[in-house]
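Note that the structure is a prediction, hence the values are computed from the model and not measured.
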Amino acid sequence: MNWQEVIDATWPQVRRKHLWPELALPQVGEIETSVAMHMQDKQITLNAATCNMLAEHLPAATVVEALLDHGVSHYTRCPWDFATHLHLYATAKAELRRKSLAKLATDAFIDVVANTACVKEVPTPLPDVYRYLDGGALEGTLTALYSHIWGMDLQGSGDPALVRRLARIPYLERQQWVPSLRRFARLLQPLLEEEGRQRQTPPALGRHSLASYSSEEVLQGLQAFAQQVPDIQHFREAVEDFADDLALLGFGRSDAPGQGQGMAVDADVLYYMQLAQTYRLPLRGLPMERSGALEPYSHTPWEASKPVHDIDLWTSFGRLLPGVSQTWVRREGTIFGQREGTPDCLLVLDSSGSMPHPREQVSFAVLGAGCAVEAYLRREARIAVYNFSDANMDGKTVVPFTTDRQAIYQGLCVYHGGGTSVRLRDLETLRRTATSPAPDLLVITDMQITNLEEVIDYLVGVEGRITVIHIGENAATERFRHMTQSHPRLHVFSVQDREDIPTIVLGQVQRYFHTQGRGLGVVPGSLGPASVLSPRSTGRS
């Protein structure tokens, strides 16, 4: 049987009834596992062995159409995107506590939703396939469930009471997927455990992994999932179970995703990296400026009273006659204005014992620093990190100026604990390695620094723009504000709510970019109320 010819003939019909999904022409091949198909980067591949087995009972065109309906329905209906897939998996993991069981439950639930939506919405021979699929107790129960909710006899086997309870779950209500999956997993837990003991194979029609998504879809899904989860632990628990797949897509490397296999994935770093990228600074393009020079613009007939040096001989046919000869009309030209390059940025982050541990709870100090990282990297500037607690006792992490996003976030996520002191000699040595003469300096701390007087004297003498964000109020913060209030380039922001740090960072970076060069600022109003752009400050813009 030439299955590729059957696919070529069937695929246009399948695309038409599913409203032309953006999927490549499916292929047929040999798949090592017993699944009927898999999808990788939007490419559906049918298992030739499964197709041959089903062809003993059904026409070849029916087999291909049913399997393609199943694959397309996953893409167009459930899970739809990678963020939803992760959210469903995290729900199953929280209920079942085991990675293998959670993946089985998620795969089974996604199959039920996608297949049911397909059967209810388009004409499909998919039910016929389930009459001939071999499987264990779990597959038999799911087939019996299909018989119940689709209203047709598919010869499934399963406990009637269990099937009735499963049939009450609203599979097609997307807003109820999380509680529905929780109930689904709880009811099927004994069968899932039996399936896990007997064989480590996926449900009969396919396995649902990261391979089904493109690198860009995974990136967008991670960003959305980072915003949805309540804390960093939930993100870590879900993402670490897909660490091998993420590493294959390049998320463990320091360069862009999708460039091949890299290092092991650090889920905590990935969390801050993806969450920080959701804070955007829309940039305005360069405006045109008057050049001050007159340039030829258009033609007008020459008159005897006008000078002859502006006559255009090419359009005057070589003649010097009033009304016939053409002379240039000149106007002032416009050019792109000269702009100053974006300076590098040195991030000084306090990770002493009084600051939150970024790997145990969400650290808005790290997130705020990450927002600055994204803003400066988008302007092709370099970032350096000085992460300190008691720097004089080697409680510090230093990342030299770089554009390596992975290395920068690795440095930000280190937690030292202990005391709080800055080794100014090391800080100055790092600052002087910047390519720009006066790099921006961003400091995030609770201000409980043992050598605060030395730090103040150092900052007052530093060239360039300085932003200091301190968390909470104490005697040290009052002293710092008092001693730096006359500094024209140093701005101090007092934060009572740690969640305000990312907004304040973006607001200050916006002001930096807006005053830099001519017309290089961000779109006004892009960050919300103007009040967040001008908190209490000791200096002037």
Side-chain angles (χ1 to χ4, degrees), residues 35 37-40 42 70-118 138-139 141-142 145-146 149 165-189 191-193 195-196 202-214 217-246 249 267 270-271 274:
V35 298
M37 69 172 64
H38 69 73
M39 182 187 296
Q40 184 168 2
K42 299 185 179 182
H70 172 82
V72 173
S73 188
H74 280 302
Y75 177 74
T76 58
R77 295 170 178 86
C78 181
W80 177 263
D81 59 20
F82 182 57
T84 303
H85 193 158
L86 274 178
H87 206 48
L88 292 175
Y89 174 78
T91 300
K93 180 73 176 292
E95 183 67 33
L96 300 172
R97 305 294 180 184
R98 286 171 54 189
K99 173 182 175 179
S100 58
L101 297 186
K103 286 193 173 183
L104 277 174
T106 305
D107 286 351
F109 182 82
I110 289 175
D111 273 348
V112 173
V113 174
N115 290 335
T116 301
C118 183
L138 175 61
E139 198 66 46
T141 299
L142 293 179
L145 173 63
Y146 292 143
I149 60 181
R165 297 175 70 183
L166 289 171
R168 298 191 190 104
I169 297 175
Y171 296 101
L172 299 186
E173 294 185 18
R174 185 183 181 90
Q175 294 77 9
Q176 299 298 318
W177 277 355
V178 169
S180 295
L181 176 54
R182 191 177 296 117
R183 184 181 177 190
F184 181 84
R186 191 182 307 123
L187 291 172
L188 287 179
Q189 184 169 358
L191 293 179
L192 293 170
E193 292 176 347
E195 187 82 4
L205 285 190
R207 180 190 298 274
H208 314 294
S209 66
L210 265 66
S212 303
Y213 307 95
S214 65
E217 288 174 325
V218 171
L219 182 62
Q220 294 174 358
L222 287 171
Q223 292 178 6
F225 187 61
Q227 297 177 73
Q228 295 170 1
V229 294
D231 53 47
I232 191 172
Q233 287 88 353
H234 285 76
F235 183 90
R236 182 194 305 121
E237 290 176 5
V239 171
E240 282 183 344
D241 289 343
F242 294 92
D244 293 340
D245 293 329
L246 287 170
L249 290 173
L270 195 59
Y271 172 79
Q274 302 308 317

task: Determine, step by step, whether M37 and H70 satisfy the side chain to side chain contact (heavy atoms under 4.5 Å, CB included) criterion, reporting the C-alpha distance in whole Å, the side-chain angles of both residues, the deciding distance to 0.1 Å, and the verdict.
output: CA-CA 9 Å; M37 69 172 64; H70 172 82; 3.9 Å; yes

message: Between Q227 and Q223, is the side chain to side chain donor-acceptor pair (under 3.5 Å) condition met? List the steps.
response: CA-CA 7 Å; Q227 297 177 73; Q223 292 178 6; 6.0 Å; no

message: Determine whether K42 and Y75 satisfy the following criterion, side chain to side chain contact (heavy atoms under 4.5 Å, CB included), listing intermediate values before the conclusion.
response: CA-CA 8 Å; K42 299 185 179 182; Y75 177 74; 3.6 Å; yes

message: What verdict does the side chain to side chain contact (heavy atoms under 4.5 Å, CB included) test give for D81 and Y213, after you've listed the backbone C-alpha separation in whole Å, the side-chain angles of each residue and the deciding distance to 0.1 Å?
response: CA-CA 8 Å; D81 59 20; Y213 307 95; 5.6 Å; no

task: Please report the C-alpha distance between E195 and L192 in whole Å, then the side-chain angles of each, then the deciding distance to 0.1 Å, and finally whether the side chain to side chain contact (heavy atoms under 4.5 Å, CB included) criterion is met.
output: CA-CA 5 Å; E195 187 82 4; L192 293 170; 5.6 Å; no

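Pairing each heavy atom of A108 with each of L142, the nearest pair is CB-CD1, 4.0 Å. Considering all non-hydrogen atoms of both residues, M39 and G71 come closest at CE-O, 3.6 Å. Scanning all heavy atoms of the two residues, the minimum distance from F225 to A90 falls at CZ-CB, 4.2 Å. Between A185 and L96 the shortest heavy-atom distance is O-CD2, 3.8 Å. Pairing each heavy atom of A226 with each of Q274, the nearest pair is CB-CB, 4.5 Å. A pairwise comparison of heavy atoms in Y89 and A238 identifies CE2-O, 4.1 Å as the closest pair.
A 6.0 Å sphere centred on CZ of R183 holds more than 12 heavy atoms belonging to other residues, nucleotides or ligands.
Expressed to the nearest 0.5 Å, how far OG1 of T116 lies from CZ of R77 amounts to 11.0 Å. Between atom CG of residue N115 and atom OH of residue Y146 there is a gap of 4.0 Å, rounded to the nearest 0.5 Å. The CD1 atom of I232 sits 11.0 Å away from the CD atom of E237 when rounded to the nearest 0.5 Å. Note: L172 CG to W177 CH2 = 8.5 Å, rounded to the nearest 0.5 Å. D231 CG to R236 CZ: the interatomic distance, rounded to the nearest 0.5 Å, is 8.5 Å. The structure places CG of L86 at 10.5 Å from OG1 of T91, a figure rounded to the nearest 0.5 Å.
Between R174 and T84, some side-chain heavy-atom pair lies under the 4.5 Å cut-off. Counting only heavy atoms from C-beta outward, the side chains of F235 and L222 approach each other to under 4.5 Å. Annotation: side chain of I169 is not in contact with side chain of V112 (no heavy-atom distance under 4.5 Å). Side chains of Q220 and F82 form no contact here, defined as non-hydrogen atoms less than 4.5 Å apart. Contact check for L270 versus L246: side-chain heavy atoms found under the 4.5 Å cut-off. Under the 4.5 Å side-chain criterion, counting only non-hydrogen atoms from C-beta, L188 is in contact with L166. In this structure the side chain of K103 reaches within 4.5 angstrom of the side chain of F242, judged on heavy atoms.
With V113 as the fixed residue, the side-chain contact (heavy atoms from CB on, under 4.5 Å) test singles out one of C78, S73, S180, C118: C78.
If you check the side chains of E193 and Q189, you find a donor sitting under 3.5 Å from an acceptor.
Relative orientation of the Y171 and F184 rings is perpendicular, given thresholds of 30° and 60° on the angle between their planes.
Between the side chain of D107 and the backbone N or O of I110 there is no donor-acceptor pair closer than 3.5 Å.
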